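First the structure, in the form of structure tokens, and then the observations on it.
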Amino acid sequence: MFHENHGVKKVILNASDNVNNMASIFIQNKRLEEVVLNFSTQNIGIYQRAFWGMFNTIKRIIGVLDFSSATNVSEMFYYCSHLEEVTFEPNTLSISISLAQSSKLTAESVQSIIDGLKIVETAQTLNLNKAIVLTDEQKATINAKGWTLAQ
């Protein structure tokens, strides 16, 4: 939808709450700094490469990412080195996710990501940038939910 958009800095996305696919929606954006999601993301199954891009400038994803229906989040945040703000719906993410290139996440965003992890029976991996410093309590929460932390 906004593939290789090189001019717009902010996108306000109003969509039906029945949207089920966000694959590659904001891929390769060179100036986009803020995405506002004014709809429920609970029915989205595919987020593959949603914010991917070598020249990605996204700093803020405003709105709540609900991963209740997510089946594919691969490379969702790949190259998101400027990402600061993101909010996850608590206890909805049950598949591995990587924010390994997002070194600028706020403490609130990191906590939201941890809160977003669902208790899993089969170990999943949360990959965070090595610059993100977690408390012992945050690490314990990740482990208690059955997740493996990679940094």
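Counting begins at 1 with the first residue of the sequence. Keep in mind that this is a model prediction, so the values were computed, not measured.
N18 is not listed as a side-chain neighbour of N20, based on a closest heavy-atom distance of 4.5 Å or more. Residues I25 and V35 have side chains not in contact (no heavy-atom distance under 4.5 Å, counting atoms from C-beta outward). Within the 4.5 Å cutoff, the side chain of L83 has heavy atoms near those of the L105 side chain. Looking only at side-chain heavy atoms (C-beta outward), F77 and I61 come within less than 4.5 Å of each other. In this structure the side chain of L99 never reaches within 4.5 angstrom of the side chain of I132, judged on heavy atoms. Two residues are said to be in side-chain contact when any heavy atoms from C-beta on lie closer than 4.5 Å; Q42 and D17 fail this criterion. A 4.5 Å side-chain heavy-atom check between I97 and Y47 finds every atom pair outside the cut-off. For the pair T71 and I46, the minimum side-chain heavy-atom distance is below 4.5 Å.
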Is there a side-chain contact (heavy atoms from CB on, under 4.5 Å) between F88 and D115 once you walk through the steps? CA-CA 7 Å; F88 284 35; D115 293 343; over 6 Å; no
Hey, mind stepping through M22 and F51 against side-chain contact (heavy atoms from CB on, under 4.5 Å) and telling me if it holds? CA-CA 9 Å; M22 279 186 62; F51 301 100; 4.2 Å; yes
Does the pair L65 and M76 meet the rule for a side-chain contact (heavy atoms from CB on, under 4.5 Å), with working shown? CA-CA 12 Å; L65 293 172; M76 179 175 178; 3.9 Å; yes
Show the numbers, then the answer: is there a side-chain contact (heavy atoms from CB on, under 4.5 Å) between L93 and K118? CA-CA 5 Å; L93 184 63; K118 192 173 184 177; 5.6 Å; no
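Note that OG of S94 is 11.0 Å distant from CD of E121, once rounded to the nearest 0.5 Å. Interatomic distance, T57 OG1 to E33 CD, rounded to the nearest 0.5 Å: 6.0 Å. The distance from atom OG of S103 to atom NE2 of H82, rounded to the nearest 0.5 Å, is 9.0 Å. Rounding to the nearest 0.5 Å gives a distance of 8.0 Å between CG of N43 and OG of S16. Expressed to the nearest 0.5 Å, how far CG of L134 lies from OG1 of T141 amounts to 10.0 Å. Separation of atoms OG1 (T148) and CG (N127) is listed at 11.0 Å; rounding is to 0.5 Å.
Nearest heavy-atom pair, K104 versus S81, reported as atom, atom and distance to 0.1 Å: CD-O, 3.7 Å. The minimum heavy-atom distance between I44 and V19, with the atom names listed, is CG1-O, 3.3 Å. Summarising the geometry of L13 relative to F39, their closest heavy-atom pair is O-CD2, 3.5 Å, with the distance given to 0.1 Å.
Tracing side-chain contacts under 4.5 Å through hydrophobic residues (I, L, V, M, F, W, Y), one never reaches L32 starting from I62; they form parts of separate clusters. Put simply, V86 and I12 are part of two different groups of oily side chains (I, L, V, M, F, W, Y) that touch within less than 4.5 Å, one to the next. Linking ILVMFWY side-chain heavy atoms closer than 4.5 Å, directly or via other members, places L126 and I95 in a single hydrophobic cluster. A single hydrophobic cluster is not seen to contain both V64 and I114; linkage of ILVMFWY side chains at heavy-atom distances under 4.5 Å, directly or through other members, places them apart. Put simply, V120 and I113 are part of the same group of oily side chains (I, L, V, M, F, W, Y) that touch within less than 4.5 Å, one to the next.
Under 4.0 Å is where a charged nitrogen must lie from a carboxylate oxygen, and between E34 and R60 at least one such pair does. A salt bridge links R49 to E75: one of the charged nitrogens lies within less than 4.0 Å of a carboxylate oxygen.
At a cut-off of 3.5 Å, with distance as the only test, a side-chain donor of Q124 or S96 sits close to an acceptor on the other residue. Under the 3.5 Å distance criterion, with hydrogens and angles disregarded, a donor-acceptor pair is assigned to the side chains of S68 and D66.
Of the possible polar contacts, none joining the S112 side chain to the E108 backbone as a donor-acceptor pair under 3.5 Å is found. Listed for the T106 side chain is a donor-acceptor partner under 3.5 Å among the backbone atoms of S109.
For A144, the side-chain contact (heavy atoms from CB on, under 4.5 Å) test picks out no residue, with sequence neighbours left out.
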